[in-house]
Amino acid sequence: MLRKSLKSWTQPSVLCRQMSVVARSLKYTQHGEPQDVLQIVEDTLAEPKDHQVLVKILAAPINPADINTIQGKYPVKPTFPAIGGNEFVGQVVCVGDKVKDLQPGAHVVPRATGMGTWATHAVYNADQLMAISNKVGLAEAATITVNPCTAYRMLKDFVKLSPGDTVIQNGANSAVGQAVHQLCRAWGINSVGIVRNRPEIAELKQMLECLGANAVLTEEEMRTCNIFKSGKLKRPKLAFNCVGGKSATEVSRHLDDRGVMVTYGGMSREPVTVATGPLIFKDIAFRGFWMTRWSKENYDSTERSKMFREICQLMEQGKFVAPTHEMVPLEKFKEAAIAALNFKGFTGKKFILDMSS
């Protein structure tokens with residue numbers, strides 16, 4: 001039984017019962033490169049029953065982890081046939097008669113992971129979804145559950161930070177890096193970003209400083225700068241690494257006594273090498289973080305609700321914006337997937353599949 005429909009409150013069920021919803025989705029039946037194994041498939045969706053919700057997906061990003069999952073290189077292994085994607089923002093079309101907390105017209109984002117989100121429509125269980133204010137922009141809402149939450153948790157869970165403290169990170173122009181800068185600005189924490197040198201370095205530095213970075217340095221500049229020795233900024237208590245290799249080693253050298261480096265990615269595919277001196281004489285520590293694991297362990301926690309509430313408030317206030325991105329139609333998925341892991345150029349642009357029309 002359908003209890004409500006998006007366009008008909010006085011005539012329950014009319015919308016969904018009188019139309020067949022044909023969903024177009026990006027499916028794959030084996031691991032491989034996205035441009036080779038993904039296909040647009042059409043399926044007629046059954047009307048939602050009981051605790052189910054029919055969602056029109058408005059926008060869904062292409063994350064590096066999504067590509068790795070399709071390639072078979074990620075810890076999460078889907079059941080075939082599988083739909084790509086892990087994040088989205090959608091609008092509730094209609095709900096089953098046992099759904100109480102979601103109403104047609106509401107915007108929703110995924111509470112669960114691995115739901116398959118590269119589609120125009122989908123039917124999910126209500127407990128897999130979270131309502132989000134429709135005042136939050138589509139790009140911000142579509143990308144809220146992974147990168148902003150990763151930045152939030154790393155800033156909250158490893159070191160007790162106070163206003164005036166310093167955080168340092170490599171890959172500072174990544175989506176997580178951009179989120180770190182914005183949260184640090186909102187909380188009064190100094191943020192130092194390390195990036196690879198490139199022809200457009202001046203523009204990149206300006207962009208990251210506008211997001212909240214106190215200083216943006218190339219890897220070469222970081223080796224010779226005296227930003228901490230001079231006392232301009234406190235030595236970092238916390239460092240974030242998404243690159244690995246020499247970059248991670250160099251960043252760790254700048255940590256304060258008993259500082260902590262948190263690794264959440266490895267774009268260089270090189271191991272994290274520990275400098276012996278700082279390890280012994282500063283007693284620095286090395287930790288890892290995986291947002292998927294945290295989300296599963298805190299599925300219904302009050303801390304998770306608080307996190308989303310705080311991030312959404314910043315987004316509504318215009319104090320937190322989506323990472324540099326490009327909206328692309330579903331039909332352009334091949335080009336977007338190929339470009340998603342291309343880190344050359346000005347910044348790591350995120351591609352977001354746009355199904356809003």
Check whether any side-chain heavy atom of [X] lies under 4.5 Å from a side-chain heavy atom of [Y], and answer yes or no.
X	Y	result
K27	I83	yes
P278	L255	no
T150	W294	no
F333	I40	yes
E219	I194	yes
R153	E303	yes
F80	H31	yes
P48	V53	no

Check for a donor-acceptor pair, side chain of [X] on one end and backbone N or O of [Y] on the other, with a separation under 3.5 Å.
X	Y	answer
R198	R196	yes
R185	C210	yes
N125	Q52	no
E140	A322	yes
Q317	L314	no
Q178	N173	yes
T117	N86	yes

Are [Y] and [X] co-members of a hydrophobic cluster defined by side-chain heavy atoms under 4.5 Å apart?
X	Y	value
V95	M115	yes
V167	I311	yes
V37	F351	yes
V262	V251	no
V180	L183	yes

**OP:** Measure the acute angle between the ring planes of Y124 and F88, then classify it against the limits of 30° and 60° as parallel, tilted or perpendicular.
**Re:**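 Answer is parallel, since the angle falls under 30°.
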Please determine whether the number of non-hydrogen atoms from other residues, nucleotides or ligands lying under 6.0 Å from atom [atom1] of [X] exceeds 12.
X	atom1	value
Q39	CD	no
Q206	CD	no
K135	NZ	no

Looking at [atom1] of [X] and [atom2] of [Y], how far apart are the two atoms once the value is rounded to the nearest 0.5 Å?
X	Y	atom1	atom2	result
L353	I57	CG	CD1	10.0 Å
Q128	T113	CD	OG1	9.5 Å
Q182	L208	CD	CG	10.0 Å
I144	M315	CD1	CE	4.0 Å
I168	M261	CD1	CE	8.0 Å
K296	T292	NZ	OG1	6.5 Å

For [X] against [Y], the heavy-atom pair lying closest together:
X	Y	value
T120	A23	OG1-CA, 3.5 Å
E331	R24	OE2-NH1, 2.8 Å
A142	A60	CB-N, 4.5 Å
T249	A275	CG2-CB, 4.1 Å
M291	M307	CE-CE, 4.3 Å
V195	V216	CG2-CG1, 4.1 Å

Give the table of side-chain donor-acceptor pairs shorter than 3.5 Å for residues 231-242, with sequence neighbours excluded, one pair per line with atom names and distance.
from: R235; atom 1: NH1; to: H254; atom 2: O; distance (Å): 3.3
from: K237; atom 1: NZ; to: D165; atom 2: OD2; distance (Å): 3.4
from: N241; atom 1: OD1; to: N170; atom 2: ND2; distance (Å): 2.9
from: N241; atom 1: OD1; to: V243; atom 2: N; distance (Å): 3.0
from: N241; atom 1: OD1; to: G244; atom 2: N; distance (Å): 2.8
from: N241; atom 1: ND2; to: T263; atom 2: OG1; distance (Å): 2.9

**OP:** Report the C-alpha distance between S247 and E250 in whole Å, list the side-chain angles of each, state the deciding distance to 0.1 Å, and finish with yes or no for side-chain contact (heavy atoms from CB on, under 4.5 Å).
**Re:** CA-CA 5 Å; S247 175; E250 187 60 36; 6.0 Å; no
Original post:
Do the two ring centres, one from W187 and one from Y152, sit under 6.0 Å apart?
Top reply: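 Centroid separation for W187 and Y152: below 6.0 Å.
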Original post:
Hey, mind stepping through E297 and R293 against salt bridge (charged side-chain N to carboxylate O under 4.0 Å, His left out) and telling me if it holds?
Top reply: CA-CA 6 Å; E297 293 175 349; R293 177 176 179 172; 3.1 Å; yes
**OP:** Would you check, one step at a time, whether the test side-chain contact (heavy atoms from CB on, under 4.5 Å) holds for F308 with I132?
**Re:** CA-CA 9 Å; F308 278 109; I132 188 172; over 6 Å; no
**OP:** For side-chain contact (heavy atoms from CB on, under 4.5 Å), just list the numbers for S295 and R304, CA-CA rounded to whole Å, side-chain angles, deciding distance to a tenth of an Å, and then say yes or no.
**Re:** CA-CA 8 Å; S295 297; R304 194 180 190 202; 3.7 Å; yes
Subject >> Donor-acceptor pair between E87 and N63 side chains, under 3.5 angstrom >> reply: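 The answer is yes; a qualifying pair exists.
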**OP:** Could you walk me through whether K350 and N147 pass side-chain contact (heavy atoms from CB on, under 4.5 Å), step by step?
**Re:** CA-CA 11 Å; K350 184 173 291 294; N147 296 314; 3.4 Å; yes
Subject >> Pair K205-E221, salt bridge (charged side-chain N to carboxylate O under 4.0 Å, His left out): steps then yes or no >> reply: CA-CA 13 Å; K205 287 185 176 183; E221 290 170 338; 3.0 Å; yes
